[in-house]
Amino acid sequence: MQTTPELFSSLPASVRARGSQMGIPCWFMRGGTSRGPFFRRADLPTDPQRRDELLLAALGSGHPLQIDGLGGGNPLTSKVGIVDASSRDGVDLEFQFAQLQPTGNTVDTTANCGNMLAAVVPFAVEAGLLVPDSDTTTARVLTLNTGMVAEISIPTPSGDQGRFVEYAGETGIDGVPGTAAAVTINFLDTAGSVCASLLPTGHSSDTLELDGVGPVRVTCIDNGQPLVMVRAEDLGRTGYESAADLNRDTELKRTLEALRLQSGHLMGLGDVSARNYPKMTLIAAPAHGGTLTTRSFIPHVCHESIGVLAAVTAATACVIDGTVAREVSTLNESGTGGDVTVSVEHPSGEFTVELGLDPKDPQHVTKSALLRTARLIMAGEVLVPRRLRTAGAAAAEENAR
């Protein structure tokens, strides 16, 4: 079996040898409805392949329970944040998000995660990358994956040992038990975060032909997260099914994947079979007084709630004429103008998104804002073997089975 000669070509001072393993400084954090380890960029290998091998080992990917690492056996708990201070004008922090899968051997750094984004500024304070100097700390964060910039504010009151991140508070978000301090996120420019534009096909809706299904009308949109939105009733579902029921629906999942692969080409993304986007989103009329009901797939597992940027994109679709979302949402009845509050319903509750619309062009979303919460769960070291299989060897072994 192939091994890397050494995980680190040179050892950062912060990384310690512990016998046959290496101890990497790590802060384990919840951001919104996701969680995972956060690292300072300087503490990781500079070579992307060795970095990815380290992350796979740290989470225990390759096993459905990720039993030998920090992962939680679910895509929502198979995420990593990598943060560094920035020297770019107008940017305080640089964030790289990595999506892993429990049984996979790849690390995807091409998409965003708005939930993990909520933990970036708290992490930066905890890890010494950012020094708070007032009761509220606001930082501009550049997501390296897509070039998106967000302005994020957290409470940092003064205590006996100086200013600290306040995690306790009265803000509740569906999908997370209890309440916590609010993390305010203002997205400054999210249209076309991965695709070339907000509506990458050039249309507010497209009709796709599927074998055995027939014509299916979808909206392909990207305002922070590439989504393919389809009315649940068009696929013979209600849109109000539980996440567990949808995850057992193998016929639906095959249909959604066929739509996803076809839509990927339409959206200019090429072959998306090995990518985590676009996300498939079933929609229906709101059931609990909100604006729109959603069932989001990430991309093959139904989300227990909905991702931050998926919620922003779904909300945006509600204000654009001709989308499938606009047609079933309550905004279709009330119209839009000025700033709009959109309540995106999901299996665990709802997600409120504040959209700012251009007064001269209500189809143009100028800003989006929302509240999340975050919490530091653990701080210390994650231990990984000093020698790891290369990605090529792992893939060859998997293909040989």
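Within the 3.5 Å criterion, the main-chain N or O of Asp92 finds no donor-acceptor partner in the side chain of Arg140. Panel note: side chain Asp222, backbone Val194; a donor-acceptor pair is recorded below 3.5 Å. Looking at Lys279, its side chain never comes within 3.5 Å of a backbone N or O of Ala310 through a donor-acceptor pair. Asn247 contributes no side-chain N or O that, together with a main-chain N or O of Val301, makes up a donor-acceptor pair within less than 3.5 Å. Within the 3.5 Å criterion, the main-chain N or O of Glu304 finds a donor-acceptor partner in the side chain of Ser348. In this structure a side-chain-to-backbone donor-acceptor pair under 3.5 Å is present from Glu345 to Gly290. At least one donor-acceptor pair under 3.5 Å links the side chain of His203 to the backbone N or O of Thr201. A distance-only check finds no donor-acceptor pair linking the side chain of Ser205 to the backbone of Val218 [under 3.5 Å]. Under a 3.5 Å cut-off, the side chain of Thr294 and the backbone N or O of Ile283 do not form any donor-acceptor pair. Within the 3.5 Å criterion, the main-chain N or O of Phe187 finds no donor-acceptor partner in the side chain of Thr190.
Rounding to the nearest 0.5 angstrom, the gap separating the CG atom in Leu210 from the CG atom in Leu235 is 8.0 Å. The line from OG of Ser329 to CG of Leu292 is 6.5 Å long, rounded to the nearest 0.5 Å. The CD1 atom of Ile185 sits 8.5 Å away from atom CG of Leu371, with the distance rounded to the nearest 0.5 Å. How far SG of Cys26 is from CZ of Phe39: 4.5 Å, rounded to the nearest 0.5 Å. The line from CG of Leu227 to OG of Ser296 is 6.5 Å long, rounded to the nearest 0.5 Å.
Ser204 meets the side chain to side chain donor-acceptor pair (under 3.5 Å) test with no other residue; sequence neighbours excluded. Remark: Arg237 pairs with Ala232, Glu241, Asp249, Glu251, Leu252 by the side-chain contact (heavy atoms from CB on, under 4.5 Å) rule, at least two apart or across chains. Not counting sequence neighbours, the partners of Pro25 by the side-chain contact (heavy atoms from CB on, under 4.5 Å) test are Ser14, Val15, Trp27, Arg40, Asp43. In terms of the side-chain contact (heavy atoms from CB on, under 4.5 Å) criterion, residue partners of Asp361 (sequence neighbours excluded) are, by chain and number, Asp358, Gln363, His364. Taking the side chain to side chain donor-acceptor pair (under 3.5 Å) definition, one finds that Thr341 meets it with Glu354, sequence neighbours left out. For Asn145, the side-chain contact (heavy atoms from CB on, under 4.5 Å) test picks out Gln96, Phe97, Thr109, Asn112, Thr143, with sequence neighbours left out. Applying the side chain to side chain donor-acceptor pair (under 3.5 Å) rule to Ser86 yields the partners Glu94; only residues at least two apart in sequence or on another chain are considered. Partners of Arg375 under the side chain to side chain donor-acceptor pair (under 3.5 Å) rule, at least two apart in sequence or in another chain, do not exist in this structure. A search for ring pair (Phe, Tyr, Trp, His ring centres under 6.0 Å) contacts involving Tyr277 returns nothing, not counting sequence neighbours.
Taking all atoms of both residues into account, the shortest heavy-atom contact from Asn105 to Leu56 is O-CD1, 3.6 Å. Summarising the geometry of Pro286 relative to Thr330, their closest heavy-atom pair is CG-CG2, 3.4 Å, with the distance given to 0.1 Å. Between Arg386 and Gly19, the closest heavy-atom pair is NH2-O, 3.2 Å. Between Ala285 and Thr293, the shortest heavy-atom contact is O-OG1, 3.1 Å. For Ala118 against Arg372, the heavy-atom pair with the smallest separation is CB-CB, 3.7 Å. Heavy-atom minimum distance, Lys79 versus Ser34: NZ-OG, 3.1 Å.
At least one side-chain heavy atom of Pro278 sits less than 4.5 Å from a side-chain heavy atom of Leu269. Side-chain contact between Leu144 and Ile82 is absent, with no heavy atoms from C-beta onward closer than 4.5 Å. Here the side chains of Ser273 and Leu261 are in contact, with some heavy-atom distance below 4.5 Å. No side-chain heavy atom of Leu376 sits less than 4.5 Å from a side-chain heavy atom of Phe123. Side chains of Leu142 and Phe95 form no contact here, defined as non-hydrogen atoms less than 4.5 Å apart. In this structure the side chain of Gln21 never reaches within 4.5 angstrom of the side chain of Val384, judged on heavy atoms. Leu54 places a side-chain heavy atom less than 4.5 Å from the side chain of Leu44. Between His303 and Leu76 the shortest side-chain heavy-atom distance falls below 4.5 Å.
The list of salt bridge (charged side-chain N to carboxylate O under 4.0 Å, His left out) pairs with a residue in residues 308-323, not counting sequence neighbours, reads Asp321-Arg326. Within the structure, side chain to side chain donor-acceptor pair (under 3.5 Å) contacts touching residues 164-188 (residues at least two apart or in different chains) are Glu126-Tyr167.
More than 12 heavy-atom neighbours from other residues, nucleotides or ligands sit within 6.0 angstrom of NZ on Lys253. The local environment of CG in Asp135 is crowded, with over 12 non-hydrogen atoms from other residues, nucleotides or ligands closer than 6.0 Å.
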Phe164 and Thr156: CA distance, side-chain angles, deciding distance, side-chain contact (heavy atoms from CB on, under 4.5 Å) verdict: CA-CA 5 Å; Phe164 62 96; Thr156 49; over 6 Å; no
Go through the steps to decide whether Val131 and Asp133 satisfy the test side-chain contact (heavy atoms from CB on, under 4.5 Å), and finish with yes or no. CA-CA 7 Å; Val131 178; Asp133 59 6; 6.0 Å; no
Apply side-chain contact (heavy atoms from CB on, under 4.5 Å) to the pair Ile320 and Ile221, showing each step before the final yes or no. CA-CA 10 Å; Ile320 296 177; Ile221 183 170; 4.0 Å; yes
Using the rule given for side-chain contact (heavy atoms from CB on, under 4.5 Å), can you reason through Arg35 versus Asn115, listing the C-alpha separation, both sets of side-chain angles and the distance that settles it, and then say yes or no? CA-CA 8 Å; Arg35 65 168 170 81; Asn115 274 302; over 6 Å; no
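Between the side chains of Gln101 and Thr103, no donor N or O sits under 3.5 Å from an acceptor N or O. Between the side chains of Ser78 and Gln99, no donor-acceptor pair is found at a separation under 3.5 Å. A donor atom on one side chain and an acceptor atom on the other are not found under 3.5 Å apart for Thr77 and Asn74. Judged by distance alone, the side chains of Glu257 and His300 do bring a donor and an acceptor atom under 3.5 Å apart.
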Please tabulate, for side-chain N and O atoms in residues 312-319, each donor-acceptor pair with protein atoms closer than 3.5 Å (sequence neighbours left out).
{"residue": "Thr313", "atom": "OG1", "partner": "Asn223", "partner atom": "N", "Å": "3.2"}
{"residue": "Thr313", "atom": "OG1", "partner": "Asn223", "partner atom": "O", "Å": "3.3"}
{"residue": "Thr313", "atom": "OG1", "partner": "Gln225", "partner atom": "N", "Å": "3.3"}
{"residue": "Thr313", "atom": "OG1", "partner": "Gln225", "partner atom": "O", "Å": "3.2"}
{"residue": "Thr313", "atom": "OG1", "partner": "Leu309", "partner atom": "O", "Å": "2.9"}
{"residue": "Thr316", "atom": "OG1", "partner": "Asn223", "partner atom": "ND2", "Å": "2.8"}
{"residue": "Thr316", "atom": "OG1", "partner": "Val312", "partner atom": "O", "Å": "2.8"}

